[in-house]
Structures are given as C-alpha cells and as structure tokens.
Participant: 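Before I ask anything, let me first share the structure, which is written out below as structure tokens.
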Amino acid sequence: MVAFPTETVYGLGADATNGQAVARIFAAKGRPSFNPLIVHVPDIDAARALVVWPDLAEMLAHAFWPGPLTLVLPLKDNTPIASLVTAGLASLAIRVPATSTAQALLKAVGRPVAAPSANPSGRISATSANHVLAGLEGRIDAVLDDGPCTVGVESTIVGLTDDAPRLLRPGGLPVDSLEHALGQPLAAAQDSITAPGQLASHYAPGAPVRLNARTAHPDEVHLGFGTVSGDMTLSVSGDLHEAAAKLFDCLHQLDRTGRPIAVAPIPEAGLGLAINDRLRRASAPRD
Ligand code: TXA
Ligand code: MG
C-alpha cells in the first residue's frame, strides 16, 4: 500500500486485483464503509481492457487523458478487479493520471491500481507527501514524494453508464471544458450511490469553517482570495487554477492553528465549482 502523487491529489494505491490489499486501504483510511474506489491505469488501452467503451469514452479520453478526469463505465465481465473496488457495483470508475511518477508506477506494477485520496476518511485531502504522512504515517507502507500536486483538487467524475453523460463530482477538469468537448450539457447525477466525496461533511479540518467571509471575526484565521487578502491567500490575483492547487495545503496550514477558519468568497465558475464544492463539504455540520 503506497501513496503516490497524481496531478490532482496524492492517492493511496493498492493492487486493484487483490481484495486483501484493497481492504487495507479502507482500514488505513478508517473509511466507515466500503465505498467504490477509482482505478488508475497508464493509458487508454489498459482502460478499454476493463470496461465497456462507448464512442463518448473514446472521445473524452482522447481529449483529456492523461489528466484530471475520471470516467464511470460498465465493468466488463470476467475482469480481474476485486469486487471490493466497485463495492459490488456493475460499473467502474477509471482514470489515467498525468504525473511521470504515477505513470512510472502504473507501468511498473502492470496491473490496475485502486487509489482513493491519501487522507484519513472525511479529512482534508493530501496535496504533498508531508500531508500524507501527517494523516497516515505508520498506517501505510510508503509514500512516493514528487512535490506538490499541480491541480490540487480531485478529478472531475463523469458517468457514462446510461444514455446521458452525467457530472458525478465537479473537480480539476472544469465542467465548461467537458461540455465544450461533448457539444452538450452534462446531466446531473442521479443519487444512486452514496460515496464519501459526496457526503455532506467531508474534506473537513478539525476546526469549524465559515464561507463567503469578506472579513474575519477576531478569533478566526482568514483565508483570502483576490481582493480579500486574509492571513493567507489562495491567490492574490484571483486565479482559480492557483487557488485550486493551494486549497488543501492552505486548509492543512490553517487547521494547525487550531482556530476557526473563515474563507473569502470564491466565484462559482470554472474551477471555482470544484473549490466551492470542497469548501461547502469542509464547512458542513459534522455528526
Ligand atoms: O483525483 C482523484 O480522483 C483522486 C486521485 C487519487 O486519483 N482520487 C479520489 O478517489 O478522489 P476517492 O476514493 O477519494 O473518490 C472516489 C469517488 C467516490 O467518492 C465516488 O464518488 C466515485 O469516485 N466512484 C467510484 N466508483 C464509482 C462508481 N462505480 N460509480 C459512481 N461513482 C463512483
Ligand atoms: Mg477523497
């Protein structure tokens, strides 16, 4: 069980064909239940071997792989994927990550690698090897350190299991880029499965998080964006790519202050959709 860098976040990888290895991922993360995982492969051919591959998948894969896009497709019969990876579903989430370290790892392993984000369940995702160790040291075998992730939020997930392509999770590939390539709007997710990234409270720091804060209360630390400078900023210039790349690192740093966190408004456009999705879950009431 080895954590490795992708362009989105660090993943906690294990052999997707080995049920016991996959079970160790759930144990290390402390995931409350067995939710389906994303399988990582080095190229399109390796993906085609595992899932039913419609023309839309071919088009999107050519446009955006390797990159921050996950496709959910019907699982082929008789694949070697452990059933724990799909939580028994008939579909598989699959992606081709872009970093050279991930590519080298996947080619060396020669098998599909299941990898959720490399953080304890429900907590802030890891965008550096230090974040991984802060959450999981002693519970995993190793982490491959290749510096900070360039995208910084998890992949955009698109479901291709029925007639309409569906947005299952906003992420590092902006929705407008996808819709432009598809030539049609993405349909909304049908709430068929409950997965951790879709839980109301997720990506959560220890302290409370307050959103759309142009100013901070005296006890709060303030995360700025653009003209709202804060104690620390996601991007002085209001650049959403820079903000996505810094999001989880800023939350890790502010979390260490032990104080409540106020976050400046982020525009609901482009990568702002994914950033706001993660921030809303980080600020949601916890059980
Ligand atoms: O960027 C990413 O996607 C990162 C890096 C490591 O690749 N991985 C990641 O994995 O975010 P994880 O386990 O934290 O999120 C997996 C999500 C689930 O929350 C669920 O929404 C979706 O993938 N998923 C997995 N299998 C699915 C399926 N068969 N049908 C629908 N959604 C599925
Ligand atoms: Mg996650």
Side-chain angles (χ1 to χ4, degrees), residues 2-14 16 22 25-26 28-41 50-52 64-75 79 81-99 101-103 105-106 112-127 131-132 135-136 143-144 149-162 165-173 189-199 201-204 244-245 247-248 274 277-278 281-282:
V2 172
F4 64 97
T6 79
E7 70 278 37
T8 58
V9 297
Y10 274 68
L12 180 55
V22 176
I25 293 180
F26 290 101
K29 283 183 62 93
R31 260 200 186 173
S33 55
F34 291 158
N35 293 293
L37 303 178
I38 297 172
V39 159
H40 299 65
V41 291
L50 298 172
V51 287
V52 177
F64 298 115
W65 279 357
L69 171 67
T70 293
L71 297 175
V72 174
L73 290 154
L75 192 59
T79 63
I81 299 291
S83 61
L84 198 48
V85 171
T86 58
L89 294 171
S91 58
L92 181 69
I94 194 160
R95 89 178 192 93
V96 175
T99 62
T101 307
Q103 282 285 329
L105 174 75
L106 294 172
V113 170
S117 50
N119 53 277
S121 185
R123 304 312 292 265
I124 309 168
S125 301
T127 52
H131 296 163
V132 175
L136 296 173
V143 52
L144 302 178
C149 303
T150 54
V151 174
V153 288
E154 291 82 353
S155 59
T156 302
I157 306 182
V158 172
L160 294 177
T161 52
D162 59 87
R166 291 180 191 281
L167 180 66
L168 303 184
R169 176 177 74 181
L173 180 64
Q190 293 165 316
D191 49 358
S192 49
I193 65 160
T194 306
Q198 311 312 117
L199 293 179
S201 173
H202 200 75
Y203 312 102
L247 176 67
F248 290 127
D277 173 80
R278 306 303 186 271
R281 295 178 206 282

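In this chain, numbering begins with 1 at the start of the sequence shown. Whatever order the structure lists ligands and atoms in, that order sets their numbers, starting from 1.
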Participant: Could you check whether any side-chain N or O of Arg123 sits under 3.5 Å from a backbone N or O of Ala204, counting only pairs where one atom can act as donor and the other as acceptor?
Facilitator: yes
Participant: Any N/O/S atom, side chain or main chain, of Ser117 closer to the Mg ion (ligand 2) than 2.8 Å?
Facilitator: yes
Participant: Any N or O of Ser91 that comes nearer than 3.5 Å to an N or O of ligand 1?
Facilitator: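 Yes; the residue has a nitrogen or oxygen that sits under 3.5 Å from a nitrogen or oxygen of the ligand.
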Participant: Could you check which of Cys149, Ala93, Ala3 puts a non-hydrogen atom nearest to atom 25 (C) of ligand 1?
Facilitator: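 Nearest option to atom 25 (C) of ligand 1, by heavy atoms: Ala93.
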Participant: Check each of His40, Lys29, Arg169 against atom 7 (O) of ligand 1 and report the one with the nearest heavy atom.
Facilitator: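 Of the listed residues, His40 has the closest heavy atom.
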Participant: If we count only N and O atoms by modelled type, under 3.5 Å, do the side chains of Arg166 and Thr161 hold a donor and an acceptor together?
Facilitator: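 No pair is found: no donor N or O on one side chain lies under 3.5 Å from an acceptor on the other.
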Participant: Can you name the atoms of ligand 1, numbered from 1 with element, that are less than 4.0 Å from a heavy atom of Thr8?
Facilitator: 1 (O), 2 (C), 5 (C)
Participant: Going by heavy atoms in the side chains, are Leu37 and Phe26 under 4.5 Å from each other?
Facilitator: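 Yes, close enough: below the 4.5 Å cut-off.
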Participant: With heavy-atom distances below 4.0 Å as the criterion, list the atoms of ligand 1 near Ile38.
Facilitator: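 In order of number, 3 (O), 8 (N), 9 (C), 10 (O), 16 (C), 23 (O).
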Participant: State which residue, out of Val22, Leu50, Val51, Ile94, fulfils the side-chain contact (heavy atoms from CB on, under 4.5 Å) condition with Ile81.
Facilitator: Leu50
Participant: For ligand 1, which atoms have a heavy atom of Leu89 less than 4.0 angstrom away?
Facilitator: 28 (C), 29 (N)
Participant: For ligand 1, which atoms have a heavy atom of Val9 less than 4.0 angstrom away?
Facilitator: 4 (C), 5 (C), 6 (C)
Participant: Can you find an N or O of Ser155 that's nearer than 3.5 Å to an N or O of ligand 1?
Facilitator: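 Yes.
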Participant: Please find the pair of heavy atoms, one from Gly13 and one from Ala115, that lie closest to each other, and give the distance.
Facilitator: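 Residues Gly13 and Ala115, closest heavy atoms: CA-CB, 3.9 Å.
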Participant: From the options Pro68, Pro97, Pro66, select the one residue that forms a side-chain contact (heavy atoms from CB on, under 4.5 Å) with Thr6.
Facilitator: Pro97
Participant: Among Gly11, Gly171, Gly152, Pro36, whose heavy atom sits nearest atom 27 (C) of ligand 1?
Facilitator: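 The option holding the nearest heavy atom is Pro36.
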Participant: Do you know which two heavy atoms are closest between Tyr10 and Val132, and how far apart they sit?
Facilitator: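 Shortest heavy-atom contact: CB-CG2, 3.6 Å.
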Participant: Going by the atom numbers of ligand 1, which of them fall below 4.0 Å from some non-hydrogen atom of Ala115?
Facilitator: 6 (C), 8 (N), 10 (O)
Participant: Taking NZ, NE, NH1 and NH2 as the nitrogens, is one of them in Arg95 or Glu154 under 4.0 Å from a carboxylate oxygen of the other?
Facilitator: no
Participant: Quick one: which ligand 1 atoms are inside 4.0 Å of a heavy atom on Ile157?
Facilitator: 17 (C), 22 (C), 23 (O)
